[in-house]
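Below is one structure, written out as structure tokens; the observations come after it.
Since the model is a prediction, treat every value here as computed from it, not as a measurement.
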Amino acid sequence: MEKFKSGLNIISQTSPLGFKYGEDCFGPEIENRKLKDIRKSLMDINCDGPDIVYSIAMDVGKKEHYQKLKEQHLLFGIVTYAKGKLGKEPIRSQGHIHKKSTYGQGWSTPEVYQIWSGKAVIYMQEYADDNPGKCYAVFAEVGDIIIVPPEWAHATISADVETPLTFGAWCDLEYGFEYDKIRAHNGLAWFPLILDTGELTWVGNDNYEKSTLIIKSPNNYDEFGIEEKKSIYKQYEENNDLFLFVPKPYLKKEIWRNFIP
Ligand SMILES: O=P(O)(O)OC[C@H]1O[C@](O)(CO)[C@@H](O)[C@@H]1O
């Protein structure tokens with residue numbers, strides 16, 4: 001299958017899990033998320049699985065954009081996931097809420113994902129209180145773009161056991177993650193499980209009030225001026241102001257009110 005044109009000369013690697021930066025790109029040492037780090041958010045906290053579940057590189061990009069990205073308080077992050085399973089659960093992130101940003105006038109900041117390889121479900125719920133509010137499982141394939149709104153608790157799930165999931169995402173420069181309310185409920189309101197057929201199914205988390213899970217594919221994001229399927233890094237190159245709502249969520253405050261991902 002043709003490789004997705006991410007717009008960056010950065011290659012994901014499987015062993016060890018991580019990334020290789022091209023000469024024209026910058027990027028940090030990767031940060032590994034180990035199974036021991038994420039057990040509190042899994043349905044089976046004693047499950048077997050790969051020691052390193054995903055590798056994160058926050059703040060990557062073309063060297064020619066380094067200064068501009070800092071001035072705009074923007075950060076591009078990339079994450080690549082191990083293949084396989086976590087017991088009966090898919091490979092997945094632990095789930096978090098983005099911290100409130102002083103630069104963003106006290107708003108929690110959104111995130112704009114794009115899938116580079118594999119298949120993903122971006123799971124998101126409005127709140128991490130006993131009542132989780134609206135809960136969505138957004139299924140996404142290579143090239144698909146998904147926006148997680150400010151304040152929503154969310155996790156990224158690999159929906160294909162055989163193919164490692166890799167994605168890129170526009171984030172706030174001073175990103176930060178809150179885990180406490182999610183861990184206090186032993187995870188998010190819905191747990192994905194992998195059936196023997198390889199299909200995903202969902203089990204409600206009894207530590208939350210009853211909720212309805214809406215399973216869907218990504219919306220288009222015309223109201224943000226974002227083109228479907230086209231590299232979100234390339235779209236940034238063509239219009240440096242396109243993702244300013246990420247560090248400044250209040251620029252789109254009307255849209256967040258009744259947002260459907
Ligand atoms: O929740 P964790 O394990 O800290 O994962 C952090 C990573 O998850 C993401 O927010 C994607 O959901 C990345 O942008 C970020 O680096």
Side-chain angles (χ1 to χ4, degrees), residues 1-33 52 54-81 93 98-99 101 103-104 109-118 120 122 140-148 150 154 156 158 163-177 218 220-222 224-249 251-252:
M1 187 172 86
E2 196 192 333
K3 209 166 142 31
F4 177 63
K5 294 183 175 60
S6 68
L8 283 169
N9 182 10
I10 298 177
I11 310 290
S12 59
Q13 293 175 320
T14 51
S15 52
L17 212 52
F19 294 99
K20 187 168 172 36
Y21 302 120
E23 264 311 297
D24 64 338
C25 289
F26 66 89
E29 287 292 310
I30 48 149
E31 184 188 345
N32 286 324
R33 210 52 101 229
I52 296 175
Y54 45 110
S55 288
I56 301 160
M58 294 299 268
D59 202 7
V60 305
K62 285 187 180 177
K63 289 174 182 171
E64 64 187 278
H65 301 139
Y66 183 83
Q67 196 46 46
K68 181 73 176 169
L69 288 166
K70 298 297 168 285
E71 284 160 16
Q72 293 186 303
H73 219 261
L74 261 173
L75 173 143
F76 198 70
I78 48 180
V79 185
T80 191
Y81 290 72
S93 70
H98 292 175
K99 76 171 178 56
S101 147
Y103 180 86
T109 52
E111 184 165 12
V112 184
Y113 289 77
Q114 186 164 43
I115 308 308
W116 286 14
S117 72
I122 309 297
E141 311 222 335
V142 170
D144 281 346
I145 298 167
I146 310 95
I147 295 183
V148 174
H154 58 284
T156 314
S158 177
T163 312
L165 166 63
T166 301
F167 68 80
W170 282 114
C171 305
D172 177 47
L173 179 64
E174 288 172 22
Y175 66 91
F177 307 120
N220 68 50
Y221 296 115
D222 296 346
F224 291 88
I226 298 172
E227 273 182 66
E228 289 183 302
K229 292 285 189 186
K230 182 174 174 179
S231 155
I232 54 175
Y233 195 89
K234 192 164 279 308
Q235 293 191 62
Y236 169 78
E237 283 188 290
E238 292 166 1
N239 172 0
N240 286 170
D241 295 339
L242 186 59
F243 297 98
L244 285 183
F245 67 87
V246 174
K248 298 178 178 174
L251 295 177
K252 298 287 181 184

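Residues Glu237 and Asn240 share a closest heavy-atom pair of O-ND2, 3.9 Å. The shortest non-hydrogen separation linking Ser101 to Thr109 is CB-CG2, 3.9 Å. The two residues Cys171 and Met58 come nearest to each other via the heavy atoms SG-CE, 3.9 Å. The two atoms that bring Pro164 and Ser117 nearest to each other are O-OG, 3.1 Å, heavy atoms only. When all heavy atoms are compared, the tightest approach of Ile30 to Gly18 is CD1-CA, 4.1 Å. Smallest separation of non-hydrogen atoms from Ala57 and Tyr21: CB-OH, 3.4 Å.
Ring to ring, Tyr175 and Phe177 are close: their centroids are under 6.0 angstrom apart. For His65 and Tyr233, the distance between ring centers is under 6.0 angstrom. Between Phe243 and Tyr236, a ring centre-to-centre spacing not shorter than 6.0 Å is recorded.
Atoms CD and OH, from Glu174 and Tyr103 in turn, are 9.5 Å apart once rounded to the nearest 0.5 Å. Within the model, atoms CZ of Arg33 and CG of Leu17 stand 12.5 Å from one another, a figure rounded to the nearest 0.5 Å. Atom CG in Asn9 sits 5.5 Å away from atom SG in Cys25 (nearest 0.5 Å). One finds the CG atom of Leu74 at 8.0 Å from the CG atom of Leu173 (value rounded to the nearest 0.5 Å). Between the OG atom in Ser12 and the CZ atom in Phe19 there is a gap of 6.0 Å [rounded to 0.5 Å]. Atom CD of Glu228 is separated from atom NZ of Lys230 by 13.0 Å, given to the nearest 0.5 angstrom.
Checking each of Phe76, Tyr221, Tyr113 against Trp170 for a ring-ring contact (aromatic ring centres under 6.0 Å, His included) leaves exactly one that passes, namely Phe76.
Residues Pro110 and Phe245 meet the side-chain proximity criterion, which asks for heavy atoms closer than 4.5 Å. Here the side chains of Tyr54 and Ile52 are not in contact, with every heavy-atom distance at 4.5 Å or above. Using a 4.5 Å cut-off on side-chain heavy atoms (C-beta onward), Leu75 and Asp172 make no contact. Annotation: side chain of Asp24 is not in contact with side chain of Lys63 (no heavy-atom distance under 4.5 Å). Looking only at side-chain heavy atoms (C-beta outward), Leu69 and Asp59 stay at 4.5 Å or farther from each other. Looking at heavy atoms from C-beta onward, Ile146 lies out of side-chain contact with Phe167 at the 4.5 angstrom threshold. Counting heavy atoms from C-beta on, the side chains of Val79 and Thr156 never come closer than 4.5 Å. Side-chain contact between Ile115 and Glu141 is absent, with no heavy-atom pair separated by less than 4.5 Å.
Ion pair Glu227/Lys229 not flagged as a salt bridge, since none of the NZ, NE, NH1 or NH2 atoms sits closer than 4.0 Å to an Asp/Glu carboxylate oxygen. Classification of Lys248 and Asp241 as a salt-bridged pair fails, no side-chain N sitting under 4.0 Å from a carboxylate O.
No donor-acceptor pair under 3.5 Å is formed between the side chain of Thr166 and the backbone N or O of Thr80. Panel note: side chain Gln114, backbone Gly143; a donor-acceptor pair is recorded below 3.5 Å.
Environment of OH in Tyr66: sparse, with no more than 12 heavy atoms of neighbouring residues, nucleotides or ligands closer than 6.0 Å. A 6.0 Å sphere centred on NZ of Lys70 holds more than 12 heavy atoms belonging to other residues, nucleotides or ligands.
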- Item | Chi angles and distances behind the side chain to side chain contact (heavy atoms under 4.5 Å, CB included) call for Ile147, Glu111 | CA-CA 6 Å; Ile147 295 183; Glu111 184 165 12; over 6 Å; no

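Every residue meeting the side-chain contact (heavy atoms from CB on, under 4.5 Å) condition with Glu71, not counting sequence neighbours, appears here in chain and number order: Gln67, Lys68.
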